[in-house]
**Q** 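Can you keep this structure in mind? I'll have questions shortly.
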Amino acid sequence: MTETQQWWRGAAIYQIYPRSFADGDGDGVGDVAGIRARLTHPRDLGVDALWISPWYVSPMADAGYDVADFRDIDPLFGTLSEAEALIREAHAMDLRVIVDMVPNHCSDQHSWFRAALAAGPGSPERARFHFRPGRGDGGELPPNDWPSHFGGPAWHRVMEADGTAGEWYLHLFAPGQPDFNWDNPDVREEFESVLRFWLDRGVDGFRIDVADNLVKDPALPDLASVPEDGPSPVHDQDGVHDIYRSWRRIADSYPGERIFVGELWLSDRERFARYLRPDELHTGFNFPFLQAGFDAGRMRAVIDDTLAAHAPVGAAPTWVLSNHDTTRHVTRYGRADSSYGFDRRRLHGTPVDLELGTRRARAAALLTMALPGCVYVYQGDELGLWEVEDIPEHLIQDPAFHGTAGADPGRDGCRVPLPWEGDGAPFGFSPDGATTGPWLPQPPAWKDHTVAAQTGDPDSTLELYRTALRLRHAEAGLGGGELTWLDAGEDVLAFTRPGGFTCVVNFSERAVDLPEHHELLLASGPLDHGRLPSATAAWLR
Ligand code: TEU
């Protein structure tokens with residue numbers, strides 16, 4: 001691994017969702033063997049690091065975000081020694097490896113939770129979680145009014161050892177994901193040990209799942225009793241920062257630069273930036289940018305807000321267009337309303353112009369890669385994949401779908417296995433002779449979107465990403481550094497970066513003139529007699 005100063009500030013990071021990246025053993029589900037066999041893909045794409053979504057032992061109530069053992073790999077994905085080999089092989093290709101850490105909750109099959117159930121009310125084992133007696137005469141009502149993200153109350157009642165209905169435990173997500181009690185010293189010690197376990201294995205950092213949720217108001221007050229403008233009892237409690245200060249000390253005690261990126265869905269920019277103080281996390285996902293939609297005014301406002309919020313703490317911003325939880329941006333940008341919110345059901349299934357969505361997605365890719373900071377690519381972004389919105393219901397696995405009886409369409413549509421090569425499913429996702437098809441069906445139209453079909457085609461989205469990432473590396477002014485806006489007219493965003501680099505994105509309906517330049521470095525689509533067409537971006541010198 002070559003050591004560079006603060007590598008994350010300008011890094012391009014590729015998110016691998018192991019279930020859906022590549023299947024090495026032919027069971028229809030991606031695995032570590034598949035990732036190892038396909039490592040040349042992110043290398044050739046030109047990214048600096050991989051973020052690997054959870055691969056730990058899990059009953060898969062939430063696709064691996066329900067962890068039963070933080071120190072081992074699920075047999076579905078492979079073994080710990082394969083994971084160690086993957087880390088070594090990635091390093092040998094100059095790819096850093098970030099693993100997912102899920103500290104808010106574990107699986108109901110985790111040994112600590114099983115011990116808590118067995119030990120009964122009032123035990124030290126239960127104190128590691130949030131167990132409470134129910135309300136109502138017989139304790140038949142949940143302890144408070146908190147809802148689960150996946151539908152229904154955030155509480156589940158357990159059966160005690162004597163066979164009677166007993167206490168309730170808190171789960172902000174699925175019932176199979178009990179929340180840890182972060183006021184308990186065992187929990188803190190355990191996670192510090194888990195971090196060391198993976199740092200000892202050479203990982204370069206951690207993506208922290210729901211990073212602002214860990215600490216709860218100890219009174220667990222009803223949401224209905226909390227003033228609307230007051231602090232939330234569930235999100236962004238001040239006490240969470242202590243945890244990250246101690247985590248940072250651990251990461252900093254290791255050689256090389258080991259980093260954290262927090263999953264922080266916080267709209268308050270000042271509160272967000274607190275997580276990025278110099279002794280806390282290095283970076284946090286910038287979701288307001290993802291949510292803005294393809295809109296010049298909203299995107300510019302978010303970019304300005306982002307830069308302004310990060311400056312006082314000296315942190316590097318991140319730019320994310322999609323991930324394993326959000327509707328793929330080709331689809332979002334193909335809709336009349338291209339914004340994104342948690343009410344996925346609102347837009348799901350409404351008309352999509354995939355051609356328009358693709359043009360906008362390509363332009364947005366050049367925009368994000370030209371902005372100051374670190375850029376994330378979710379597997380399949382580089383292939384121009386869209387959201388699959390017609391998965392047969394009986395195949396859907398996402399607890400967000402099942403917990404809401406289908407009212408929430410869920411997130412499986414962005415988790416469909418990648419197409420690598422060939423004219424039909426499984427498109428090289430599984431090896432020849434696989435016993436079953438991919439865990440979710442791939443659209444036949446993806447035959448034109450495989451890695452093989454796009455490789456060498458200069459007009460393909462894959463080659464656009466490869467060229468853009470190569471230029472981004474070569475241009476000294478990209479990655480970290482300053483941005484200066486140019487006045488390029490209404491509905492056009494244009495800015496310069498150090499070294500005479502200019503990025504222009506045309507959000508308007510008509511072609512516009514390009515600012516003065518002597519070299520066109522790259523464009524997201526063909527120019528129109530030297531002018532920049534609608535929904536197109538260009539990089540100039
Ligand atoms: O996501 C947390 C989160 O807040 C949302 O993105 C979540 O997907 C949404 O509220 C569900 O409707 C993280 C992970 O990225 C996600 O995959 C996990 O399901 C979740 O935490 C629980 O670990």
Side-chain angles (χ1 to χ4, degrees), residues 13 15-20 51-68 70 74 98-110 113 146-152 154 170-180 182 191 206-214 216 232 234-236 240 260-267 272 275 284-291 318 320-329 332 340-348 376 378-379 387 396-415:
I13 301 180
Q15 181 188 355
I16 290 185
Y17 191 69
R19 300 179 74 75
S20 306
W51 150 32
I52 302 176
S53 279
W55 51 6
Y56 312 109
V57 177
S58 166
M60 306 287 166
D62 184 18
Y65 281 92
D66 50 319
V67 180
F70 290 92
D74 195 88
I98 293 172
V99 294
D100 220 304
M101 196 39 59
V102 192
N104 180 68
H105 45 263
C106 59
S107 160
D108 60 357
Q109 300 306 309
H110 189 284
F113 191 75
W146 296 1
S148 152
H149 285 283
F150 296 149
L170 178 70
H171 59 88
L172 292 183
F173 294 90
Q177 293 170 295
D179 280 51
F180 282 114
W182 273 88
F191 272 93
F206 301 92
R207 175 266 187 190
I208 308 170
D209 195 59
V210 291
D212 63 305
N213 273 135
L214 277 47
K216 278 86 179 172
S232 156
V234 201
H235 290 283
D236 192 28
V240 77
F260 296 106
V261 53
E263 188 205 16
L264 296 161
W265 286 94
L266 291 177
S267 49
F272 176 87
Y275 291 79
F285 290 131
N286 182 13
F287 291 121
F289 181 75
L290 183 158
Q291 297 181 281
T318 67
V320 187
L321 290 171
S322 285
N323 66 27
H324 66 291
D325 292 331
T326 59
T327 311
R328 281 194 180 271
H329 59 276
R332 294 198 323 261
Y340 181 76
F342 276 112
D343 50 347
R344 274 184 295 265
R345 65 198 78 182
R346 185 170 62 86
L347 293 170
H348 183 87
Y376 279 82
Y378 173 49
Q379 64 177 43
E387 185 82 2
I396 296 183
Q397 299 204 7
D398 187 0
F401 175 84
H402 294 288
T404 60
D408 182 334
R411 304 159 293 177
D412 283 356
C414 64
R415 300 173 175 180

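Atoms within a ligand are numbered from 1 in the order they appear, just like the ligands themselves. Every heavy atom of this structure was used, including side-chain atoms; hydrogens, water molecules and symmetry mates were not.
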**Q** For Glu263, give me all partners under side-chain contact (heavy atoms from CB on, under 4.5 Å), at least two apart in sequence or on another chain.
**A** Arg207, Asp209, Val210, Trp265, Phe285, Phe287, Asp325
**Q** If the condition is side-chain contact (heavy atoms from CB on, under 4.5 Å), which residues does His110 pass it with, not counting sequence neighbours?
**A** Phe70, Cys106, Trp112
**Q** Who are the ring-ring contact (aromatic ring centres under 6.0 Å, His included) partners of Tyr378, not counting sequence neighbours?
**A** none
**Q** State, without any angle test, whether Ser58 and Tyr65 hold a side-chain donor-acceptor pair at a distance under 3.5 Å.
**A** no
**Q** For His171 and Phe113, I'd like to know if the aromatic rings sit close, meaning centre-to-centre distance below 6.0 Å.
**A** no
**Q** One thing to verify: whether Asp62 and Arg411 come together as a salt bridge, which I'm taking to mean a side-chain N less than 4.0 angstrom from a carboxylate O.
**A** yes
**Q** At a 4.0 angstrom heavy-atom cut-off, what protein residues surround ligand 1?
**A** Asp62, Tyr65, His105, His149, Phe150, Phe173, Gln177, Arg207, Asp209, Val210, Glu263, Trp265, His324, Asp325, Phe342, Arg344, Arg411, Arg415
